[in-house]
Structures are given as C-alpha cells and as structure tokens.
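In listed order, ligands and their atoms are each counted from 1.
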Amino acid sequence: MKALQAAIDRAGQDPERPVYHFRPPAQWMNDPNGTIYYRGWHHLFYQLNPFGAEWNHMHWGHARSRDLVNWEHLPIALGPSKEKGEEHVFSGGAVPGPDGRPRLFYTSIGRRDPEQWMAIPEDEELVRWRKYEHNPVLTLAAHGGVRVAEWRDPFLFAAGGTTYMVCGGNLRERGGAAAVQLYEAADAELTRWRYRGVVFEYRNQDVYNFECPNLFPLDGKWVLLVSPHRPCEYFIGSLDLERARFEPAAQGTLDAGDAYASNISRDANGRVILWLWGRTRTDPGKGWNGVMVLPRILRIGEDGYLRQMPAPEFTQLRGPEVHFSAATLGAAPLVLSPKLAGDTLDIEARFDLGSARRVGLRLRCPSGKGSGAAGVAVTYDTGGYLSAGAARVFLGRGAQVTLRVLLDKRVLEVYANDGERALFTALEARPDNRGVEAFAEGGQARLIDLTGWPMRPARFSLERFRP
Ligand code: FRU
C-alpha cells in the first residue's frame, strides 16, 4: 500500500493518463479479475503490481462502482503469501458461495506447479479477504493422466444448481492444442472440485495456449472467450454439461487491438458485461501503466455473431453536444475543431464511401490546421477494413459505416455498425494536439452526419483506499 501511495502523485502529473477509463490509483495493472455484481455494487478486481509500473509481484487490486463509470478504490484485496511460497496472485474469477457472498478463485504461483486457491470475504462490503486455510482447492493431480501445461486463470459459473470452473492451458506445448478444462464443485463450500474433462480444444497450429477462458450463457447460447497470446477470440455455440463438451458454431475476434485477458459479470438486469485489460505500453517512469477497456454490454446479433457496445452509462460524462450536418468529403479534410476539439471525446458519425477508397476521422491533430497525416486515424475502406491507429480488423464491405469513437487522452476505442466490431488502441500524441478532422482519400465521400461531445472525467475516490 505504501509503494502504491507514493506513485499516486507521479501518475497524477501525466497529462496523457486517461480520465474516464478505469485505472488503479497508480502503478501497473493488467487483467480484470473476479468481476461480480453484488448488492448494488459492481466489484472489479485486477492484476496489480503495487511496487512499480511494470509487470511483477502480482496482487489483486480492488474497486467498486454503482454505475460502471465512477469508482471507489478499495484496499488491495489479495497479495502473495510469501510464507507459503506464493510469489504471485495470478488471474481468476468470482462466484457466489453458500452464504451468497462471493468467493474468489485465483492461480497461486510460486511453487513448482501452479495451484488454484480460494479466498473468502471477511465482511459484507467485501473489503477484507482471507485465504481459505486449506488451500489449494485444486492441483494438477486432479487431471489424472491428462497433462495440462500453463494451467491457470479459473473462471466460475453456476448452471442448474451446480457451480463450475474452467481453467486455461494447453495439452501440447509445441502448439495446436490450447485447451479449456472443466471442473465441478463437489461441496457447497466450493473447497472440493471434480475434474470433468477437456471442454474445448482448439486445433489451431498458430495457437499454443489459452489464458483467461470465460464460458457463459448469452441470449440462449453459450459463449467462450479466450486469450491466446494474441487478440482475444470468441466462440458461440452450445454447452453439453453432461458430456462436458462445448461445440462452437460461430467464431470471431473479440478485439483486434490492444485489449486482452477478458472477464465477465452479470448485473441485476441480466446484462452481460465484458471486462478487458487495455494495454497502454506507458513509459514506467510515468507512475502508471494500463487501463480497463470501457465495460462492454454483450449480445448476440441476428446473424449469430457477437455485438459489443460500451455501457450506456458513459453518456453521463458527455458535455455539450456539437452537431455537424451532411458534408461532402473531398481532397481537403473537413476540420471539425475548434467547434469539436479536445483529448477526451465521444463521437457518433455515419459515412458513405461514395467513390473514395477510404474515409474516416483524424483525432489529436495539431489544432486548427488541415493537418493531413498528423494525429491518429480511424478509417473504413473499400476493402471492408476498419482501423484505429495501428489496429485493423475486417468488418465487411459496404457502402456505409457507422462509427462510435471514444477518445480518452492516450487511448482510443472504436465501435463499428452498432457493435459488430470493436477496437481498443493506445496512441502517442502531444498533449496540445486536440484537433479533429473528417476526411476521404482517393475520391469523394459523404459525411452523412456527425455528433460529438467532450467527455468529463469519471470520479475515482481514494477515501476508502486505505485499509
Ligand atoms: C494474462 C495473464 C494470465 C495470468 C496473468 C498474470 O494477461 O498472463 O494468464 O494469470 O496475466 O498477471
């Protein structure tokens, strides 16, 4: 807690630190962990290095929010039990225990092999946690003759009155056998687990391992999310719990940008919320590194593929609306600043490609000049590709595209065609570059309409941070 405290001032001085994406008080963060909605609060735990702004010394940071936007930082929930040989508290999940209060499960790293450990809350507010006295609750021995490598990242779900766990890993370190293992709770206390088998194996030679698998029901189907050491993928299909088999029927990229290591929660209205780590690659001297991608609401589209849009709660941060009506985009960019300018923006825009090869928006341009290449571009092209900075994904060919763009200092998120594709990316810009332009290349396009809002910072309270 002391080391983290000391970095708070430094992180606060960086003008490029995002202001409405969730971030820890300071220092390094990666994966969202144990995301759960409990008694009116969204609880978010996350991989935290309290000692520095680079990956190491994994702890579970903790925060809670009533609205997914404004947060109270809470004391660090879990740290390594050095006296038990534990070096890192790796990623994991949460699920209600027999008393209705959440239990946390995570991968304990330090001994020869990874182990799955459990933690129990000591108070109704879930602020203080103790590790179960007879940890581990699961070891590699559970698999009998099945050899699982890189075994980690428990994710929990309940179905038909039984609590299940899945873990990531692989069955062959040479590649081509990334796999998800399924377990079933054998007691109400969730301290004993029975191995049910390999619920899914990915026969893809380019993928050697799965991290952070999430398996959950959505709109009448089952969804599997995996983090395969490259952009996260999703599978939509059916789950046969009797045979312990997940059968995918559709597949896609979750986010082709810098988002990784998903987790899932479900709120009081049954909305399924996706959490992702947003990698920022910040210079560690800045006292912070990493944010949480804006929580996304998931649904399955009529075509059977996933849709993801940022939680509508974020519109509460919008400042005065700025509207632009239809305009032709030709050789020179349409400069939207200073009417619409800044480094924290929410923009909704619709384009028609016309005869152009590429259309899009340029953000964080030197203000007021039709700047051409400077700034970071969000584009859609005749090949059907969507891009945001260096991130690029195939969206599908069409005459028109609808974009929602959320800029927050040095991070950018783009959602195309009402959540058919999503991209999170980090960017580099000079703090005084706040201009916005719309542009077309290789012909004439049409900006059908555009509405933008400056975004206010979210609140991050430190009042409850000290234990
Ligand atoms: C994913 C991951 C997990 C692991 C954690 C460690 O980013 O590598 O597999 O539990 O990060 O911080």
Side-chain angles (χ1 to χ4, degrees), residues 4 22-24 27-35 44-62 76-81 86-94 104-111 113-119 131 135-140 148-156 165-171 173 178-181 202 207-215 224-234 254-264 274-282 284 288-293 424 426:
L4 192 50
F22 173 84
R23 72 271 166 90
Q27 306 288 43
W28 168 275
M29 62 149 278
N30 53 293
D31 316 356
N33 295 151
T35 49
L44 172 61
F45 303 85
Y46 53 90
Q47 292 280 283
L48 170 72
N49 176 8
F51 303 111
E54 288 165 303
W55 185 93
N56 212 337
H57 312 293
M58 284 295 113
H59 289 59
W60 277 34
H62 184 196
I76 292 173
L78 299 172
S81 304
E86 194 176 46
E87 292 295 328
H88 298 285
V89 177
F90 265 24
S91 286
L104 303 179
F105 293 83
Y106 69 90
T107 304
S108 173
I109 297 288
R111 288 150 309 273
D113 294 321
E115 298 175 347
Q116 312 311 334
W117 285 30
M118 180 173 79
K131 293 176 187 171
N135 274 328
V137 296
L138 249 179
T139 67
L140 279 174
V148 183
E150 306 223 25
W151 182 54
R152 58 177 176 266
D153 307 336
F155 174 84
L156 292 295
M165 180 195 292
V166 286
C167 287
N170 66 78
L171 302 172
E173 277 157 292
V180 180
Q181 313 295 326
Y202 197 25
V207 170
Y208 91 100
N209 186 56
F210 280 158
E211 301 183 297
C212 303
N214 308 139
L215 184 58
L224 174 66
L225 308 181
V226 294
S227 295
H229 302 264
R230 61 183 205 177
C232 297
E233 292 176 40
Y234 71 81
L254 192 61
D255 186 314
D258 295 315
Y260 195 68
S262 58
N263 221 311
I264 290 293
L274 169 68
W275 301 89
L276 286 161
W277 163 38
R279 204 194 288 263
T280 57
R281 299 188 175 86
T282 315
W288 70 278
N289 206 335
V291 296
M292 217 53 84
V293 172
F424 170 96

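Using a 4.0 Å cut-off between heavy atoms, N30 contacts ligand 1 through its side chain alone, with no backbone atom that close.
Between A149 and N209, the shortest heavy-atom distance links the atoms O-OD1, 4.1 Å.
Ligand 1 places these atoms under 4.0 Å from at least one heavy atom of M58: 12 (O). Annotation for ligand 1: atoms under 4.0 Å from non-hydrogen atoms of S91 are 5 (C), 10 (O).
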### Task
Check step by step if side chain to side chain donor-acceptor pair (under 3.5 Å) holds for Q116 and T107.
CA-CA 5 Å; Q116 312 311 334; T107 304; 2.8 Å; yes

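Under the side chain to side chain donor-acceptor pair (under 3.5 Å) test applied with N33, the options Y106, W277, W60, W275 reduce to a single match, W60.
The salt bridge (charged side-chain N to carboxylate O under 4.0 Å, His left out) test applied to E54 returns no partner, not counting sequence neighbours. Take R23 and apply the salt bridge (charged side-chain N to carboxylate O under 4.0 Å, His left out) test, not counting sequence neighbours, and it matches no residue.
Look at W55 and you'll find a heavy atom under 4.0 Å from some atom of ligand 1. Residue-ligand proximity: D153 is placed with a non-hydrogen atom under 4.0 Å from ligand 1.
Nearest to atom 8 (O) of ligand 1 by heavy-atom distance, out of E211, Q47, R279, R152, is E211.
For ligand 1, the polar-atom distance check finds an N/O of D31 within less than 3.5 Å of one of the ligand's N/O atoms.
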